[in-house]
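Let me begin by presenting the structure, written as structure tokens, before commenting on it.
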Amino acid sequence: MQPAYQLIYDKLFEHYGPQSWWPAETPFEMMIGSILVQNTNWRNVDKALIKLGPYFEPEIIDHFPIEDLAQLIRSSGFYNIKAKRIKAFMEWFRQYDYDTKRIKAINNTELRKALINIHGIGKETADVMLVYAFEKPIFVVDAYARRIFYRLGYNMPTSYDGFRKLVEKELPEELTLYNEFHALLVEHAKQFCRSKPICKECPLLDICDQRLELK
DNA sequence: ATCCTGGTTC
DNA sequence: GAACCAGGAT
């Protein structure tokens with residue numbers, strides 16, 4: 001029998017097509033974006049990224065005054081903490097001469113630990129970086145994945161890693177699959193599975209518990 | 001004009 | 001369990 005998670009993926013992929021994430025020019029931009037997008041939507045992050053544009057070099061960001069950095073990223077919300085988080089990340093990134101290739105050589109589990117160890121980077125942000133900057137196959141657990149799986153009727157673990165491992169257990173270790181899966185879940189949460197869901201014409205309706213509650 | 005959404009730290 | 005914030009929805 002076909003694993004349920006694979007089925008969800010297939011249906012989402014069929015409906016939305018390939019997402020080809022992350023929307024960033026470089027791994028560095030991707031990683032900064034992942035810190036900025038904590039607790040906000042991409043709109044707000046994009047504005048911040050545009051303001052950062054003229055200074056978007058690791059060396060410059062690393063040595064930028066933190067107050068000025070905070071002002072530039074204001075639109076992303078929580079700008080004071082996020083400025084600190086970016087600084088903490090830069091300190092770590094500097095140790096590798098801002099060279100993503102060098103970091104990529106670190107094995108999966110060690111790198112995940114190292115990222116989580118950076119102040120301001122938790123499991124979700126670490127995993128997003130692992131998938132989209134370092135090309136490691138990992139399932140990203142976020143508020144959208146939790147909401148969608150919950151509504152579908154799955155009894156998922158509350159813990160981050162419990163949730164993640166349960167999904168990973170049934171899926172092949174393919175980067176593209178995990179890259180697309182997270183992107184597809186985000187897209188689906190925005191288009192149909194919002195806080196106030198639009199169930200009519202939902203591509204997952206036939207496998208969703210919610211359909212039973214529709215009039 | 002108030003309410004809601006969204007990760008991590010302390 | 002509170003604190004950190006802007007921007008969109010209601």
Side-chain angles (χ1 to χ4, degrees), chain A residues 19 21-24 27-53 61 64-93 111-134 136 138-152 156-168 178-179 181-200 202 210:
Chain A
Q19 304 298 298
W21 269 23
W22 179 288
F28 176 58
E29 189 188 335
M30 184 277 142
M31 294 188 281
I32 296 299
S34 73
I35 293 171
L36 292 177
V37 83
Q38 292 169 357
N39 279 291
T40 15
N41 50 46
W42 189 256
R43 284 176 97 67
N44 300 344
V45 175
D46 209 33
K47 290 175 188 167
L49 250 17
I50 288 167
K51 290 208 175 186
L52 282 177
I61 302 280
F64 216 75
I66 192 163
E67 297 81 9
D68 299 343
L69 181 60
Q71 285 314 307
L72 289 174
I73 63 172
R74 207 163 195 284
S75 68
S76 71
F78 304 97
Y79 51 88
N80 285 315
I81 3 183
K82 284 179 182 175
K84 279 185 202 152
R85 290 175 181 181
I86 288 174
K87 282 299 186 180
F89 171 75
M90 293 313 303
E91 211 171 299
W92 175 81
F93 197 35
L111 180 53
R112 188 167 193 264
K113 277 189 213 162
L115 287 170
I116 290 170
N117 205 34
I118 300 168
H119 181 98
I121 297 185
K123 289 174 175 173
E124 182 183 330
T125 307
D127 286 345
V128 155
M129 287 184 181
L130 286 166
V131 175
Y132 297 101
F134 301 113
K136 313 281 191 184
I138 288 184
F139 182 77
V140 176
V141 181
D142 67 349
Y144 296 145
R146 289 185 190 277
R147 180 164 78 205
I148 292 168
F149 282 52
Y150 172 78
R151 286 186 180 154
L152 286 173
M156 303 303 286
T158 331
S159 79
Y160 184 96
D161 286 312
F163 194 121
R164 177 176 65 87
K165 284 176 183 163
L166 193 60
V167 177
E168 288 176 354
Y178 287 106
N179 178 313
F181 207 170
H182 175 60
L184 287 165
L185 287 167
V186 171
E187 190 57 27
H188 183 59
K190 286 177 171 172
Q191 288 202 31
F192 292 94
C193 212
R194 314 193 197 180
S195 35
K196 191 188 178 320
I198 304 172
C199 298
K200 198 167 185 278
C202 170
Q210 302 291 306

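Just so it is clear, the model here is predicted, and its values are computed rather than measured. Order of the sequence lines fixes the chain letters, A, B, ..., with proteins taken first and strands second; residue numbering starts at 1 for each chain. Excluded from the calculations below are hydrogen atoms, water molecules and symmetry mates; all remaining heavy atoms, backbone and side chain alike, are included.
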Send over the distance from [X] [atom1] to [N] [atom2], rounded to a whole Å.
X: A:Lys196; N: C:dG8; atom1: NZ; atom2: C1'; value: 16 Å
X: A:Leu36; N: C:dG7; atom1: CG; atom2: C1'; value: 15 Å
X: A:Lys84; N: B:dG7; atom1: NZ; atom2: C1'; value: 16 Å
X: A:Trp42; N: C:dG8; atom1: CH2; atom2: C1'; value: 18 Å
X: A:Lys82; N: C:dA6; atom1: NZ; atom2: C1'; value: 9 Å
X: A:Arg43; N: B:dT5; atom1: CZ; atom2: P; value: 18 Å
X: A:Leu115; N: B:dG7; atom1: CG; atom2: C1'; value: 15 Å
X: A:Phe89; N: B:dG7; atom1: CZ; atom2: P; value: 18 Å

Just call it for [X]: base, sugar-phosphate, or nothing, with non-hydrogen atoms closer than 4.0 Å on any strand.
X: A:Arg147; value: sugar-phosphate
X: A:Ser195; value: sugar-phosphate
X: A:Asn80; value: sugar-phosphate

Flag, side chain of A:Arg147 to backbone of A:Cys193, donor-acceptor distance under 3.5 Å: yes

Test item: A:Thr40 side-chain N/O and A:Gln38 main-chain N/O as donor-acceptor pair under 3.5 Å: yes

Would you please confirm or rule out a distance under 4.0 Å between OP1 or OP2 of [N] and any side-chain N or O of [X]?
X: A:Tyr79; N: C:dC4; answer: no
X: A:Lys47; N: C:dG8; answer: yes
X: A:Thr40; N: B:dG6; answer: no
X: A:Arg74; N: C:dC5; answer: no

Aromatic plane relationship, [Y] with [X] - under 30° parallel, 30 to 60° tilted, over 60° perpendicular:
X: A:Trp21; Y: A:His182; result: perpendicular
X: A:Trp92; Y: A:Phe89; result: tilted
X: A:Phe163; Y: A:Phe139; result: parallel

Closest listed nucleotide, where the reference is the side chain of A:Phe78 and the choices are C:dC4, C:dA6, B:dT5: C:dC4

Please list each protein N or O that sits under 3.5 Å from an N or O in nucleotides 8-10 of chain B, with the distance.
from  : atom 1 : to       : atom 2 : distance (Å)
B:dT8 : OP1    : A:Gly122 : N      : 3.0
B:dT8 : OP1    : A:Gly122 : O      : 3.4
B:dT8 : OP1    : A:Thr125 : N      : 2.8
B:dT8 : OP1    : A:Thr125 : OG1    : 2.5
B:dT8 : OP2    : A:Glu124 : N      : 3.3
B:dT9 : OP1    : A:Gly120 : N      : 2.9

Smallest separation among heavy atoms of A:Ala83 and A:Leu69, with atom names: O-CD2, 3.9 Å

Test: A:Asp161 and A:Arg164 ion pair at under 4.0 Å: yes

